[in-house]
Amino acid sequence: MSFSLAEREDTIIALATPQGVGAIAVIRLSGNKAIQVVNEVFYGKNLEQQDSHTIHFGTIRDGEKVIDEVLVSLFIAPKSFTKENVVEISTHGSSYIINQVIRLFLKKGVRPAKPGEFTQRAFLNGQFDLAQAEAVADLIHADSEASHSAALNQMRGGFSSEIQELRTQLIHFASMIELELDFTEEDVEFASRDDLRALVERLLRVVEELILSFDLGNVIKNGVPTVIAGKPNAGKSTLLNALLNEEKAIVSDIAGTTRDFIEDEINIGGVIFRFIDTAGLRETTDTIEAIGVSRTQEKMKTASLILYLFDLGDTDLIEINRDINKLENLGVPFVKVANKVDKANSQLINELKEKHSDIIFISAGHKENLEGLKVKILELVNLDKFKTGNTVVTNVRHYDSLTRTRESLLDVLSGLDNEVTNDFLAMDIRRSLHYLGEITGEITTDDLLANIFSKFCIGK
Ligand SMILES: Nc1nc2c(ncn2[C@@H]2O[C@H](COP(=O)(O)OP(=O)(O)OP(=O)(O)O)[C@@H](O)[C@H]2O)c(=O)[nH]1
Ligand SMILES: [Mg+2]
């Protein structure tokens, strides 16, 4: 999908609120003719004579037939989301009314909006840059405090302004060096190489920090991957179900019940955790179970956090110490969870409390001390880093451009080290500028835009 210039002239329409029955529905139009066409079917004030940012009561009629009583909000270009004329019609939220109203406008030559077309117009008309446009999509999908604040920060331009400023400085150097190319005979130096090096090093630091923040950004967007591991029958699936409050995973007293991953998200203290129930760890001759076990081991390595479950009725101190040892070698933060307190012998509990003061005792089956477990989980994932107002990269596309920017900047540095000729230096700087520009949308292609905006839903 890409938009031709002619299509950009169209007036477009879409339902802006979710499909289905609601108290009210908002239908949005954007384009040159938006106010004029609404005025043609609206009975009330003459909308073409009203001020921007005003709301008007009236009826929408198809000929003689009243379709609905509505409120119409006017936004006159350029003071609107798309910077075009925008009208929002609030109707009663029945799908019959919505269909009738939209059909009425289609008859008048208004075109249904494509996915993301409102936001794309906003971008093309200079309302915000590409990174901010993408943040709009993230904001709509943000379902936790952490992902919401990351998206909001990006939409307000936190990320873009930083890049923009450094890019402007680099453009200055690029043009100075290109100017020197015109004076090769004279051996002049308009751009101080020391200043250039200092700027490139500063840029590299920013770019590298943003690249590093991607891991965090990814976690904020998709949840902290938290693996529930332990021996068969330890109660891992029971714990997943208890945390989710639903019977998601099959629980049975047969060891080796779970073979594939079963995962779901839970919001704990404003952070999304993605809990992954796994196959119990043991030596097994069952081929399928063995695959499950080796997958569990792989999954544990890439997790951000592991909940390691012991069955207090089926373990001893030696085994627990051995398992904890293995976990420590893995290098992934983990919580030691002793399950089935309801059927544990008190001697083992006392021994454990003495040797491992940080063990959390729970009963997944009886939903005992799940709160204590949650507190411990939050303690282990360093919450501060999720809540900073710092800029966090959450978008794969940005990450990709940042990585290429870093490579090009490193080329500039090594060019300076090796005193390469100006035309090579200028080329590497231009390449850095290109990748930086990709992030904010100064450099775009139709394919790129199409790809980004097609991920939006219709009406956005
Ligand atoms: N008494 C008691 N039984 C529990 C508790 N938690 C789980 N169980 C029981 O332990 C058995 C095994 O539970 P599962 O959740 O299937 O264990 P699992 O770790 O997922 O086992 P695999 O999938 O085979 O690796 C079931 O019979 C559960 O009802 C608990 O807190 N107390
Ligand atoms: Mg299981």
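Order of listing sets the numbers, starting from 1, for every ligand and every atom in it. The model shown is predicted, which means the values in this text are computed figures rather than measured ones.
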Chemist: Have a look at the Mg ion (ligand 2) and estimate, to 10 degrees, the angle subtended by OG1 (Thr258) and OG (Ser237).
Modeler: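 About 90° at the Mg ion (ligand 2).
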Chemist: Sort and list the pairs that fulfil side chain to side chain donor-acceptor pair (under 3.5 Å) and have at least one residue in residues 270-293, not counting sequence neighbours.
Modeler: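 Side chain to side chain donor-acceptor pair (under 3.5 Å) check on residues 270-293 returns Ser237-Asp277, Arg259-Asp286, Glu263-Arg274, Glu265-Arg274, Arg282-Glu289, Thr284-Glu289.
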Chemist: Testing Leu307, Asp264, Leu244 one by one against Phe275 for a side-chain contact (heavy atoms from CB on, under 4.5 Å), which residue passes?
Modeler: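 The side-chain contact (heavy atoms from CB on, under 4.5 Å) with Phe275 is passed solely by Leu307 among Leu307, Asp264, Leu244.
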Chemist: Would you kindly check if the NZ (Lys) or CZ (Arg) of Lys231 is within the cone defined by 45 degrees around the ring axis of Tyr308 and under 6.0 Å from the six-membered ring centre?
Modeler: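 Not flagged: Lys231 not positioned over aromatic ring of Tyr308.
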Chemist: Which residues pass the side chain to side chain donor-acceptor pair (under 3.5 Å) test with Glu298, not counting sequence neighbours?
Modeler: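 With sequence neighbours excluded, Glu298 shows a side chain to side chain donor-acceptor pair (under 3.5 Å) to Lys301, given in chain and number order.
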Chemist: Sequence neighbours left out, what passes side chain to side chain contact (heavy atoms under 4.5 Å, CB included) with Asp68? Give chain and number order.
Modeler: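 Expected list: Val70, Thr91, His92, Ile97.
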Chemist: On a heavy-atom basis, which atom in Val224 and which in Ser304 lie closest, and how many Å separate them?
Modeler: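 Between these two residues, the closest heavy atoms are CG1-CB, 3.6 Å.
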Chemist: Examine Thr238 and say whether one of its N/O/S atoms is closer to the Mg ion (ligand 2) than 2.8 Å.
Modeler: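 Within the cut-off used here (under 2.8 Å), Thr238 places no N, O or S atom near the Mg ion (ligand 2).
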Chemist: Could you pull out every N or O of ligand 1 that sits under 3.5 Å from a protein N or O, with the distance for each pair?
Modeler:
{"residue": "ligand 1", "atom": "1 (N)", "partner": "Asp342", "partner atom": "OD2", "Å": "2.8"}
{"residue": "ligand 1", "atom": "6 (N)", "partner": "Asn339", "partner atom": "ND2", "Å": "3.4"}
{"residue": "ligand 1", "atom": "6 (N)", "partner": "Gly365", "partner atom": "N", "Å": "3.4"}
{"residue": "ligand 1", "atom": "10 (O)", "partner": "Lys340", "partner atom": "NZ", "Å": "2.9"}
{"residue": "ligand 1", "atom": "13 (O)", "partner": "Thr238", "partner atom": "OG1", "Å": "3.4"}
{"residue": "ligand 1", "atom": "15 (O)", "partner": "Ser237", "partner atom": "N", "Å": "3.4"}
{"residue": "ligand 1", "atom": "15 (O)", "partner": "Thr238", "partner atom": "N", "Å": "2.8"}
{"residue": "ligand 1", "atom": "15 (O)", "partner": "Thr238", "partner atom": "OG1", "Å": "2.5"}
{"residue": "ligand 1", "atom": "16 (O)", "partner": "Ser252", "partner atom": "N", "Å": "3.2"}
{"residue": "ligand 1", "atom": "16 (O)", "partner": "Ser252", "partner atom": "O", "Å": "3.3"}
{"residue": "ligand 1", "atom": "17 (O)", "partner": "Gly235", "partner atom": "N", "Å": "3.2"}
{"residue": "ligand 1", "atom": "19 (O)", "partner": "Ala234", "partner atom": "N", "Å": "3.2"}
{"residue": "ligand 1", "atom": "19 (O)", "partner": "Gly235", "partner atom": "N", "Å": "2.9"}
{"residue": "ligand 1", "atom": "19 (O)", "partner": "Lys236", "partner atom": "N", "Å": "2.8"}
{"residue": "ligand 1", "atom": "19 (O)", "partner": "Lys236", "partner atom": "NZ", "Å": "2.7"}
{"residue": "ligand 1", "atom": "20 (O)", "partner": "Ser237", "partner atom": "N", "Å": "2.9"}
{"residue": "ligand 1", "atom": "20 (O)", "partner": "Ser237", "partner atom": "OG", "Å": "2.8"}
{"residue": "ligand 1", "atom": "21 (O)", "partner": "Asn233", "partner atom": "N", "Å": "2.9"}
{"residue": "ligand 1", "atom": "23 (O)", "partner": "Thr258", "partner atom": "N", "Å": "2.9"}
{"residue": "ligand 1", "atom": "23 (O)", "partner": "Thr258", "partner atom": "OG1", "Å": "2.8"}
{"residue": "ligand 1", "atom": "24 (O)", "partner": "Gly256", "partner atom": "N", "Å": "2.7"}
{"residue": "ligand 1", "atom": "24 (O)", "partner": "Thr257", "partner atom": "N", "Å": "2.7"}
{"residue": "ligand 1", "atom": "25 (O)", "partner": "Lys236", "partner atom": "NZ", "Å": "2.9"}
{"residue": "ligand 1", "atom": "25 (O)", "partner": "Gly280", "partner atom": "N", "Å": "3.2"}
{"residue": "ligand 1", "atom": "31 (O)", "partner": "Asn339", "partner atom": "OD1", "Å": "3.4"}
{"residue": "ligand 1", "atom": "31 (O)", "partner": "Ser363", "partner atom": "OG", "Å": "2.7"}
{"residue": "ligand 1", "atom": "31 (O)", "partner": "Ala364", "partner atom": "N", "Å": "3.2"}
{"residue": "ligand 1", "atom": "31 (O)", "partner": "Gly365", "partner atom": "N", "Å": "3.0"}
{"residue": "ligand 1", "atom": "32 (N)", "partner": "Asp342", "partner atom": "OD1", "Å": "2.9"}
{"residue": "ligand 1", "atom": "32 (N)", "partner": "Asp342", "partner atom": "OD2", "Å": "3.3"}

Chemist: For a quick check under 3.5 Å, do Glu88 and Ser73 share a side-chain donor-acceptor pair by atom type?
Modeler: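 No donor-acceptor contact under 3.5 Å links the two side chains.
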Chemist: Kindly confirm whether the Mg ion (ligand 2) is within less than 2.8 Å of some N/O/S atom in Thr257?
Modeler: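 Under 2.8 Å: Thr257 has no N, O or S contact with the Mg ion (ligand 2).
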